[in-house]
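Letters go in sequence order (proteins before strands), and every chain restarts at 1.
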Amino acid sequence: MEEKENLIFSPSPHLRDATNVPWIMRQVVFALLPASVWGMFVFGFWNGFLPLLWSVLSCLAFEYLDCMIFRRPISLRDGSALVTGMLLGLSLPPGAPFWLAVAGGGIAIILGKQIFGGLGQNIFNPALVARAVLLISWPRAMYTWVARVNFALPDIESGIAGLPHGVDVVTTATPLGLWETYGLAAIREVEPSILWRLFTGQVPGSIGEVSALLLLVGFAYLLWRGIVEWDIPAFFALGLTVIALAGGENPFFHLLAGSAVIGACFMATDYVTSPMSRKARIIFGLGAGMLTAVIRILGAYPEGVTFAILTMNVLVPLLDKLIPVRFGVKRT
Amino acid sequence: MKTLSFRGGIHPPTFKEKTQEQPIRSFPQPEKVYLPLLQHTGAPLEPLVKKGDKVKRGQKVADVHAFVAAPLHASIAGTVAGQQDYPHPVRGTFSCLVIENDGTNEEEKAEPIQENEIESKEPGFFRDWIREGGMVGLGGAAFPTHVKVTPPEGKTIDTLILNGAECEPYLTSDHRVMVERSKLVVLGARILCRACGAKKILIGIENNKPESIAAMREAVSVVPGEWEIRSLPAKYPQGSEKHLILSLLGRAVPPGGLPLDVGVVVSNVQTAAYIGRMAQTGLPLVDRVLTLTGDCLVSPANLEVPLGVRLMELVEFCGGLSSEPRKIIMGGPMTGIAQVTMEIPVIKGTSGFVLTCDLYEKHEYPCIRCGRCVTTCPMHLVPSDLAKFSEFRDFDQARDWYALDCIECGICAYGCPSGIPLTQHIKYAKAEIIRRSRKGGK
C-alpha cells in the first residue's frame with residue numbers, strides 16, 4: 001500500500017460545517033437590503049443610494065489601504081468592511097455629502113477596527129464609532145434631513161399644513177427631533193397615525209433606519225439562518241420599554257423611532273462587540289436599551305442608540321467573564 | 001418519564017445511509033493477525049505465549065496483573081509467529097503478537113452460562129467472568145468492562161444504561177447489532193445488570209434508528225426484569241455517557257465524576273452483545289462488528305471481523321477503493337483518529353473506519369466572537385477563550401475555565417465559521433494541564 005505519502009494526518013473533528021465568515025457577512029448584507037431599498041424610495045434614489053455607495057467604497061478602500069500600509073494580508077475577503085460600510089451608510093442622513101461618508105468610512109475602519117488589530121479585536125462597533133465621531137464633529141451635516149414630500153413631517157411651529165407643493169424632496173424634521181422639542185402629543189395632533197408611519201417607514205430619518213418592518217424582516221432572515229440570536233434585541237426592547245414607561249413616555253414610539261430597531265437588531269448584535277454567553281447578552285441588551293431611553297429622555301441629543309451601544313461595548317470584556325454554569329453543577 | 005435533553009449539541013449530516021441497511025457480513029478467518037498488546041484504556045499487556053506456540057481461537061494469549069486491564073485472546077487458531085512492533089491505530093506503533101493461521105480452526109471456549117443461572121450466580125462471579133472474557137467497551141474508548149461494573153465501597157448502582165445512541169456520523173455497527181442480535185444484547189445486559197447490581201435496565205437509542213428501537217422492544221418483551229427502551233432525539237453528542245445519563249434519567253454527572261457517582265453504569269450495546277455471545281457459546285471477545293465506510297470505498301459495509309485483521313484486508317474484502325483516500329479515520333469523523341497507513345490492525349476499540357477524499361477544510365479567519373462554540377458546547381464551556389488561553393500557553397487560566405471538563409466531542413471546531421481548530425487547542429491545553437499537575441506543580 002503506497003498511500004502513506006498522500007494521507008492527511010490531523011486531529012479530530014474531521015468534519016466541518018459549511019458556515020464561514022464571508023458567508024455570514026453576506027447574509028447580513030442581504031438582511032439589510034430591504035431597508036436600504038426602502039431608504040432609496042423614501043428619500044429619493046440618489047439621496048439614499050449615493051451616501052450608501054460612498055460609505056461602502058470608502059470602508060473597502062480604507063481597509064485595503066490600511067492592510068497595504070501595515071503590510072498585513074489584505075482582509076477584504078472576510079466581508080466585514082462591507083458590512084461596516086453598509087451599516088455606516090444606512091445610519092447617515094439622506095443626501096449626506098460625499099466627504100461625510102468618506103470621512104465616516106475612514107474613521108470606522110481605521111479608528112474603529114484596524115487600530116485594535118483588525119477583525120475580531122475591536123472593542124467598539126466600527127460603524128457606531130464613525131457615527132459618534134460624525135455626530136460630534138459635523139452635527140449640522142448629520143442633522144440635516146430631507147425626504148420626499150409624501151414622507152416628510154409637517155413643521156409644527158410654522159403651521160400644520162405647511163408642506164410645499166410642486167417639489168419632490170423637502171427638508172424636514174424627524175419624529176425624534178419633533179418629539180425632543182414638542183413632545184409626542186404635539187406630533188399626534190398633526191399626524192395621528194405617527195406610530196403606523198414609524199412602523200412602516202413613512203417618516204424622515206437616516207437612510208436605513210426608518211422602516212421598522214423591513215428591518216425586522218431582515219432580522220427574521222438572520223434568525224432563520226441561525227446567524228443571530230433573539231436575546232439581545234428582545235432585551236434591548238425590554239430595557240427601552242421599562243425606562244420609557246418610567247419616564248412617562250410612550251414605549252411604542254421609542255421602540256419604533258430613530259435607530260432603535262436597526263441598533264438593536266443589527267448593531268448591538270454585532271458578534272465582535274457583544275458578549276458570547278446568554279446571561280451576558282441579556283445584560284448587554286438590557287443595558288443598551290435602558291441607556292438609549294435614558295439618553296433620549298434626559299440627554300441633549302434626541303437620539304441615544306449610538307452612545308448607548310458604545311457604552312455597553314466597553315463592558316463586554318467584563319461581561320464575558322460571566323461564563324455559563326458548567327455541566328453537572330447545580331445553579332446556585 | 002419525559003425524555004429530557006441537554007443544552008448544546010449539533011445536527012451534523014449522518015452519512016449513515018451508506019451502510020445502515022447493510023446486514024453484518026462475516027469476515028473469513030484470515031491468514032495472519034496482528035494483535036497489539038494494548039487493546040484498551042489501561043495498562044499494556046504481557047504476552048503469555050512465545051514464538052512457535054500453537055494457540056486456539058479464544059485462547060488467552062496476553063494478560064497483566066493490573067485492575068484496569070483486560071486479557072487478550074487469540075482471534076484465530078494457529079502458530080505464534082513472534083512479537084514485533086507494528087502500526088497501532090492510537091499509539092503510532094506498538095508491540096504486537098503475530099499469529100499465523102494453521103487452518104485447524106480449533107476453538108477454546110469457556111463454559112456457557114444458562115439463562116436461568118444468571119440470577120443464582122454472585123455478582124463477583126460475573127465480574128471475574130467478564131474480565132476473563134477480555135470484555136472492554138466496544139463503543140470506542142475500550143474501557144475494561146469489569147472495572148465499570150465494580151462499584152467502589154459505599155457506592156451503589158441502581159440503573160444499567162445500554163448506549164445505543166451511536167451519534168457519530170457514518171457509523172452503523174451498533175445499529176446493525178441491535179437489529180440483528182437483539183437477543184444477545186438482552187442476554188448480555190442481564191449479565192451486566194447482575195454484575196453491577198442494578199435494578200433497572202434502560203436502553204437509549206436515537207430516534208433515527210426506528211428499526212433498532214423496534215427490535216430491542218421486541219427482544220425485551222419476553223424476558224424478566226424492569227426494562228425500558230427510550231427513543232432519544234438524534235443530536236450529537238447524544239451518545240456521550242454524561243449526556244445520555246442526563247437525557248434518560250435527568251441526573252447530571254458532576255465535573256470530574258463518573259457515571260457511578262450518580263448510581264449508573266453505562267455500557268455500549270455491542271459490548272452487551274458480545275457478553276451475550278460469550279454466555280451462549282463460551283467464546284471470549286475475539287471478534288467485533290465495525291463499519292467500513294466513506295466515499296472512497298466501492299461497497300461500504302458492516303463487518304464482523306476477528307481482532308488483528310488489517311485495514312487493507314478489510315478494504316480488499318469489500319471490493320477495494322473507488323478512489324484514493326486522503327484521510328483514513330479510525331472511529332467516527334467527530335472524535336476518530338486519523339491514520340497514516342492501511343496496515344493498522346483492528347483492535348477492540350475499532351468502531352469503524354472512514355476512508356474519505358473529502359477533507360472538509362476551512363479557510364482560517366480571526367475569531368469573530370460569534371459565540372457558536374459557546375452555545376453549542378455540550379459541557380457549557382467557552383471554547384473560543386479556552387483555545388486562546390491554550391494558544392498563549394496560559395494553562396492556569398485554561399484550567400480555571402474548566403478545560404478539563406472538555407469531552408473532546410469536536411463540536412466547537414465543527415461549527416466555527418472562522419475555521420479555528422478549537423478542539424485541538426483545548427486538547428493541547430488539557431494534556432499540558434495534566435502533565436504539569438503530574439510533575440507536582442500547581
Side-chain angles (χ1 to χ4, degrees), chain A residues 1-25 27 73 75 77-80 83 117-122 226-229 231-232 269-278 280-281 316-317 320-330, chain B residues 6 10 12-13 169 242 252-255 257 312 324-329 333-343 354 356 359-363 365-372 374-375 378-382 384-385 401-402 405 408 410-411 413-419 421 423-424 427:
Chain A
M1 292 283 164
E2 293 301 313
E3 293 90 341
K4 263 187 194 176
E5 311 295 311
N6 297 323
L7 284 175
I8 299 212
F9 183 75
S10 64
S12 62
H14 308 284
L15 210 55
R16 297 284 194 279
D17 74 359
T19 58
N20 57 42
V21 173
W23 178 83
I24 289 173
M25 298 293 174
Q27 304 312 306
S75 50
R77 228 192 107 198
D78 63 38
S80 70
V83 170
L119 178 63
Q121 303 298 321
N122 48 302
I227 288 172
V228 291
E229 296 215 37
D231 45 12
I232 291 177
T269 52
D270 170 40
Y271 284 155
V272 177
T273 56
S274 63
M276 288 194 294
S277 71
R278 170 66 45 89
R281 280 208 297 256
V316 169
D320 266 338
K321 298 240 182 309
L322 270 178
I323 57 176
V325 176
R326 59 182 175 153
F327 183 94
V329 173
K330 290 229 164 59
Chain B
F6 57 92
I10 50 166
K242 291 180 175 180
V253 179
M312 54 201 214
E324 191 167 303
R326 299 298 314 283
K327 201 175 225 181
I328 295 174
I329 305 157
M334 294 301 289
T335 57
I337 302 166
Q339 302 298 328
V340 290
T341 165
M342 298 253 282
E343 287 179 73
V354 182
T356 177
L359 293 173
Y360 311 103
E361 271 178 356
K362 268 195 199 183
H363 187 277
Y365 292 96
C367 172
I368 54 169
R369 299 172 34 83
C370 65
R372 268 183 175 70
V374 184
T375 41
M379 296 310 288
H380 313 176
L381 303 175
V382 187
S384 55
D385 284 350
W401 282 42
Y402 314 123
D405 283 13
E408 306 180 10
I411 285 180
Y414 170 84
C416 179
S418 293
T423 316
Q424 184 183 0
K427 277 190 221 176

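The heavy-atom pair separating A:Leu119 from B:Pro366 by the smallest distance is O-CB, 3.5 Å. Heavy-atom minimum distance, A:Phe9 versus B:Val340: CD1-CG1, 3.8 Å. The minimum heavy-atom distance linking B:Trp401 with A:Lys321 is given by the pair CH2-CA, 4.2 Å.
In this structure, no portion of A:Thr269 lies under 4.5 Å from any heavy atom of chain B. Of the atoms belonging to A:Gln121, not a single heavy atom falls under 4.5 Å from chain B. For A:Ile24, the part lying under 4.5 angstrom from a heavy atom of chain B is the side chain only. The contact between B:Thr375 and chain A is made entirely by side chain atoms (from C-beta outward), counting heavy-atom distances below 4.5 Å. Proximity to chain A involves both the backbone and the side chain of B:Ile368, based on heavy atoms less than 4.5 angstrom apart. Looking at B:Thr356, neither its backbone nor its side chain comes within 4.5 Å of chain A, counting heavy atoms on both sides. No part of A:Asp270 comes within reach of chain B, as not one of its non-hydrogen atoms sits under 4.5 angstrom from that chain. Only the side chain of B:Pro169 comes within less than 4.5 Å of a heavy atom in chain A; its backbone stays farther off.
A search for salt bridge (Lys or Arg N to Asp or Glu O under 4.0 Å) contacts involving A:Asp231 returns A:Arg278, A:Arg281, not counting sequence neighbours. Taking B:Gln424 as the reference, A:Pro11, B:Pro421 meet the side chain to side chain contact (heavy atoms under 4.5 Å, CB included) condition, with sequence neighbours excluded.
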Any chance you could lay out the side chain to side chain contact (heavy atoms under 4.5 Å, CB included) test for B:Asp385 and A:Met276, step after step, and finish with the verdict?
-> CA-CA 10 Å; B:Asp385 284 350; A:Met276 288 194 294; 4.0 Å; yes
Taking it one step at a time, do B:Lys362 and A:Thr19 satisfy side chain to side chain contact (heavy atoms under 4.5 Å, CB included)? CA-CA 9 Å; B:Lys362 268 195 199 183; A:Thr19 58; 3.7 Å; yes
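Side-chain contact between A:Pro13 and B:Tyr360 is absent, with no heavy atoms from C-beta onward closer than 4.5 Å.
In terms of heavy-atom pairs under 4.5 Å with chain B, the best-connected choice from A:Asn20, A:Val272, A:Leu15, A:Ile8 is A:Leu15. Your options are B:Cys367, B:Cys416, B:Gly336, and the one with the most heavy-atom pairs under 4.5 Å with chain A is B:Gly336. Taking chain A as the reference chain and counting heavy-atom pairs below 4.5 Å, the highest number among B:Pro255, B:Gly371, B:Ala252 is found for B:Pro255. For chain B, the option among A:Ser277, A:Ala18, A:Ser10 with the highest count of heavy-atom pairs below 4.5 Å is A:Ser10.
Listed for the B:Arg369 side chain is a donor-acceptor partner under 3.5 Å among the backbone atoms of A:Ser274.
Applying side-chain contact (heavy atoms from CB on, under 4.5 Å) to A:Ser12 and the options B:Met334, B:Lys427, B:Glu408 leaves one that passes, B:Lys427.
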